[in-house]
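We're numbering straight along the sequence, starting at 1. Since we're looking at a predicted model, the values are computed, not measured. Computed over heavy atoms, backbone and side chain alike; hydrogens, waters and symmetry mates excluded.
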Amino acid sequence: MTAIQFIQGVDEEAIPEVRLTRSRSGNQGTATFIFENPKALGQDVTEDITGMYMIDEEGQITSREVKAKFINGEPKGLEGLYVMKSKEDWDRFMRFMERYAKDHGLEFNQA
């Protein structure tokens with residue numbers, strides 16, 4: 001089973017919108033995850049968000065690039081950014097996303 005966590009050990013239940021970009025050479029890319037009303041920002045959460053952890057059968061992919069979105073002083077969303085610096089990073093990320101999409105009913109829409 002795949003999961004995304006913002007607090008290690010606590011699976012995020014909100015399903016993100018994911019936006020991908022890739023360099024022309026295919027060697028670098030970015031993935032932007034947008035979560036609306038994530039569990040990690042709930043009022044009953046007492047732990048700090050320390051990053052975005054993408055977990056599957058191969059292990060864990062980690063990003064420390066996480067920003068909160070506030071509306072009228074209330075936390076409403078999280079945005080996580082994962083930067084892929086090599087073809088191997090891209091391939092590993094895509095394997096994770098294929099598993100995550102299958103487990104959570106996501107589909108790919110090309111821009």
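Without hydrogens or angle criteria, D48 side chain to T50 main chain gives no donor-acceptor distance under 3.5 Å. Between the side chain of S23 and the main chain of Q28, a donor-acceptor pair closer than 3.5 Å is present.
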Problem set entry | Criterion side chain to side chain contact (heavy atoms under 4.5 Å, CB included) on R95 and E58, from CA distance to verdict | CA-CA 9 Å; R95 289 193 305 273; E58 289 185 55; 2.7 Å; yes
For this session: Check step by step if side chain to side chain contact (heavy atoms under 4.5 Å, CB included) holds for M52 and M54.
Result: CA-CA 7 Å; M52 183 173 67; M54 297 168 272; 4.1 Å; yes
Exercise. So Q60 and Q8, side chain to side chain contact (heavy atoms under 4.5 Å, CB included) or not? Walk me through it.
Worked result: CA-CA 11 Å; Q60 178 175 291; Q8 289 191 315; 3.5 Å; yes
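Atom CD of E12 is separated from atom CD1 of I49 by 8.5 Å, given to the nearest 0.5 angstrom. Between the CG atom in D56 and the CG atom in D103 there is a gap of 9.5 Å [rounded to 0.5 Å]. The distance from atom CD of E98 to atom NZ of K102, rounded to the nearest 0.5 Å, is 10.5 Å.
For A31 against F93, the heavy-atom pair with the smallest separation is CB-CZ, 3.4 Å. Of all heavy-atom pairs spanning A14 and Y100, the tightest one is O-OH, 4.2 Å. H104 approaches T2 most closely through the heavy-atom pair CE1-O, 3.4 Å.
Two different hydrophobic clusters hold I7 and I55 under the rule that ILVMFWY side chains link at heavy-atom gaps under 4.5 Å. Under the 4.5 Å side-chain heavy-atom criterion for ILVMFWY residues, no single connected hydrophobic cluster contains both Y53 and I4.
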Show me the donor-acceptor pairs within less than 3.5 Å that the side chains of residues 76-88 make with the rest of the protein, sequence neighbours left out.
{"unit_1": "S86", "atom_1": "OG", "unit_2": "E88", "atom_2": "N", "d": "3.4"}
{"unit_1": "S86", "atom_1": "OG", "unit_2": "E88", "atom_2": "OE1", "d": "3.4"}
{"unit_1": "S86", "atom_1": "OG", "unit_2": "D89", "atom_2": "N", "d": "3.1"}
{"unit_1": "K87", "atom_1": "NZ", "unit_2": "D91", "atom_2": "OD2", "d": "3.0"}

Atom pairs and distances, side-chain donor-acceptor, residues 33-40, under 3.5 Å, sequence neighbours left out:
{"unit_1": "K39", "atom_1": "NZ", "unit_2": "D11", "atom_2": "O", "d": "3.2"}
{"unit_1": "K39", "atom_1": "NZ", "unit_2": "E13", "atom_2": "OE2", "d": "3.3"}

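Contacts classified as side-chain hydrogen bond (donor to acceptor under 3.5 Å, both in side chains) and involving residues 65-74 (residues at least two apart or in different chains) are not found.
Side chains of V18 and T32 form no contact here, defined as non-hydrogen atoms less than 4.5 Å apart. Residues R92 and M94 fail the side-chain proximity criterion, which asks for heavy atoms closer than 4.5 Å. Between R22 and N27, the closest side-chain pair of non-hydrogen atoms is not below 4.5 Å.
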